[in-house]
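Shown next, in C-alpha coordinates, is the structure this report addresses.
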Amino acid sequence: MAARDRAVAGDLVPDRPGAARRRAADGRLHAAVHVHFLLSGCLFAWVIAGPDPAPRRPSVPARLVVLGVAVAVHAGLSQLMYAGIGVDLPVPVEQRRGAAEIMYYGGDLAELMLAVALVLGWKPAGRARRALAAGRTG
(Lines give C-alpha, C1' and ligand atoms only; values in the text may rest on other atoms or scores of the structure.)
Protein backbone atom coordinates (compact mmCIF):
# COMPACT_ATOMS: atom_id res chain seq x y z
CA MET A 1 0.00 0.00 0.00
CA ALA A 2 1.45 3.38 -0.98
CA ALA A 3 1.97 6.10 1.64
CA ARG A 4 -0.87 8.13 0.12
CA ASP A 5 -3.24 5.15 0.34
CA ARG A 6 -2.32 4.53 3.96
CA ALA A 7 -2.98 8.17 4.82
CA VAL A 8 -6.39 8.06 3.17
CA ALA A 9 -7.22 4.74 4.84
CA GLY A 10 -6.11 6.20 8.18
CA ASP A 11 -8.60 9.02 7.73
CA LEU A 12 -11.40 6.49 7.29
CA VAL A 13 -10.57 4.28 10.27
CA PRO A 14 -11.89 5.94 13.44
CA ASP A 15 -9.65 4.13 15.94
CA ARG A 16 -6.39 5.29 14.37
CA PRO A 17 -4.67 8.02 16.42
CA GLY A 18 -5.27 11.46 14.95
CA ALA A 19 -7.87 10.32 12.39
CA ALA A 20 -10.63 12.38 13.96
CA ARG A 21 -8.32 15.38 14.20
CA ARG A 22 -7.46 15.18 10.49
CA ARG A 23 -11.12 14.84 9.53
CA ALA A 24 -12.11 17.79 11.73
CA ALA A 25 -9.52 19.96 9.98
CA ASP A 26 -11.36 19.47 6.68
CA GLY A 27 -13.41 22.61 5.99
CA ARG A 28 -16.22 20.73 4.24
CA LEU A 29 -16.79 18.50 7.23
CA HIS A 30 -16.76 21.53 9.53
CA ALA A 31 -19.42 23.26 7.39
CA ALA A 32 -21.50 20.08 7.20
CA VAL A 33 -21.50 19.76 10.99
CA HIS A 34 -22.69 23.38 11.33
CA VAL A 35 -25.49 22.79 8.83
CA HIS A 36 -26.44 19.58 10.67
CA PHE A 37 -26.67 21.40 14.02
CA LEU A 38 -28.69 24.25 12.51
CA LEU A 39 -31.17 21.95 10.76
CA SER A 40 -31.57 19.61 13.72
CA GLY A 41 -32.17 22.60 16.03
CA CYS A 42 -34.80 23.98 13.65
CA LEU A 43 -36.51 20.59 13.44
CA PHE A 44 -36.43 20.20 17.24
CA ALA A 45 -37.94 23.68 17.72
CA TRP A 46 -40.66 22.91 15.15
CA VAL A 47 -41.55 19.61 16.82
CA ILE A 48 -41.64 21.15 20.30
CA ALA A 49 -43.35 24.50 19.67
CA GLY A 50 -44.32 24.64 15.99
CA PRO A 51 -47.87 25.63 15.05
CA ASP A 52 -48.55 22.55 12.93
CA PRO A 53 -51.34 20.46 14.47
CA ALA A 54 -49.75 17.14 13.56
CA PRO A 55 -51.77 13.96 14.07
CA ARG A 56 -51.12 12.17 17.37
CA ARG A 57 -48.95 15.06 18.54
CA PRO A 58 -47.93 14.73 22.20
CA SER A 59 -49.62 17.06 24.68
CA VAL A 60 -48.02 20.32 25.73
CA PRO A 61 -47.02 18.94 29.16
CA ALA A 62 -45.35 15.96 27.45
CA ARG A 63 -43.47 18.28 25.08
CA LEU A 64 -42.38 20.39 28.07
CA VAL A 65 -40.94 17.24 29.68
CA VAL A 66 -39.04 16.43 26.48
CA LEU A 67 -37.74 20.01 26.39
CA GLY A 68 -36.66 19.69 30.04
CA VAL A 69 -34.72 16.51 29.26
CA ALA A 70 -33.11 18.24 26.27
CA VAL A 71 -32.10 21.18 28.50
CA ALA A 72 -30.45 18.81 30.99
CA VAL A 73 -28.60 16.86 28.28
CA HIS A 74 -27.46 20.05 26.54
CA ALA A 75 -26.16 21.50 29.82
CA GLY A 76 -24.38 18.26 30.69
CA LEU A 77 -22.69 18.02 27.30
CA SER A 78 -21.51 21.61 27.48
CA GLN A 79 -20.04 21.02 30.95
CA LEU A 80 -18.21 17.91 29.73
CA MET A 81 -16.93 19.90 26.77
CA TYR A 82 -15.72 22.68 29.09
CA ALA A 83 -13.89 20.16 31.26
CA GLY A 84 -12.42 18.43 28.21
CA ILE A 85 -13.87 15.05 29.17
CA GLY A 86 -14.39 12.85 26.12
CA VAL A 87 -13.40 15.66 23.77
CA ASP A 88 -10.51 15.61 21.31
CA LEU A 89 -10.75 18.79 19.28
CA PRO A 90 -7.91 20.37 17.30
CA VAL A 91 -8.36 23.77 19.00
CA PRO A 92 -6.68 25.52 21.92
CA VAL A 93 -8.21 24.93 25.36
CA GLU A 94 -9.41 28.55 25.58
CA GLN A 95 -11.41 28.19 22.36
CA ARG A 96 -12.95 24.90 23.48
CA ARG A 97 -13.97 26.41 26.81
CA GLY A 98 -15.36 29.52 25.11
CA ALA A 99 -17.44 27.34 22.80
CA ALA A 100 -18.70 25.35 25.79
CA GLU A 101 -19.73 28.56 27.55
CA ILE A 102 -21.62 29.72 24.46
CA MET A 103 -23.27 26.29 24.25
CA TYR A 104 -24.23 26.42 27.95
CA TYR A 105 -25.54 29.98 28.26
CA GLY A 106 -26.74 30.40 24.68
CA GLY A 107 -28.50 27.04 24.85
CA ASP A 108 -30.29 28.07 28.05
CA LEU A 109 -31.51 31.27 26.41
CA ALA A 110 -32.70 29.47 23.26
CA GLU A 111 -34.41 26.74 25.28
CA LEU A 112 -36.12 29.32 27.52
CA MET A 113 -37.47 31.14 24.46
CA LEU A 114 -38.65 27.81 23.06
CA ALA A 115 -40.49 27.00 26.31
CA VAL A 116 -42.15 30.45 26.29
CA ALA A 117 -43.25 29.96 22.67
CA LEU A 118 -44.68 26.55 23.56
CA VAL A 119 -46.62 27.82 26.57
CA LEU A 120 -47.90 30.95 24.80
CA GLY A 121 -49.26 28.82 21.96
CA TRP A 122 -50.98 26.41 24.34
CA LYS A 123 -54.75 26.36 24.06
CA PRO A 124 -56.45 24.12 26.62
CA ALA A 125 -58.73 21.52 25.06
CA GLY A 126 -62.55 21.70 24.92
CA ARG A 127 -63.82 21.05 28.47
CA ALA A 128 -60.97 22.90 30.16
CA ARG A 129 -61.48 25.90 27.86
CA ARG A 130 -65.24 25.98 28.62
CA ALA A 131 -64.54 25.70 32.35
CA LEU A 132 -62.13 28.61 32.17
CA ALA A 133 -64.62 30.69 30.18
CA ALA A 134 -67.45 29.90 32.63
CA GLY A 135 -65.24 30.88 35.56
CA ARG A 136 -64.48 34.27 34.01
CA THR A 137 -68.03 35.15 33.00
CA GLY A 138 -69.96 33.60 35.86
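The shortest distance between side-chain heavy atoms of Trp122 and Pro61 falls below 4.5 Å.
Hydrophobic clustering of Ile, Leu, Val, Met, Phe, Trp and Tyr side chains at less than 4.5 Å, counting indirect connections, keeps Leu67 apart from Val116. If you chain together hydrophobic residues whose side chains sit under 4.5 Å apart, Ile102 and Met113 never meet in one group. Two different hydrophobic clusters hold Met103 and Leu38 under the rule that ILVMFWY side chains link at heavy-atom gaps under 4.5 Å. With hydrophobic clusters built from ILVMFWY side chains whose heavy atoms lie under 4.5 angstrom apart, Leu77 shares a cluster with Val91. The cluster map of Ile, Leu, Val, Met, Phe, Trp and Tyr, joined by side-chain heavy atoms under 4.5 Å apart, puts Val65 and Val71 in different clusters.
Closest heavy-atom contact between Arg96 and Tyr82: NH2-O, 3.1 Å. The shortest non-hydrogen separation linking Val47 to Arg57 is O-NH2, 2.9 Å. The two residues Gly107 and His74 come nearest to each other via the heavy atoms CA-CE1, 3.6 Å. Leu64 and Leu118 make their closest contact through CD2-CD2, 3.4 Å (heavy atoms, listed as atom of the first residue, atom of the second, distance). Between Arg63 and Ile48 the shortest heavy-atom distance is NH1-O, 2.9 Å.
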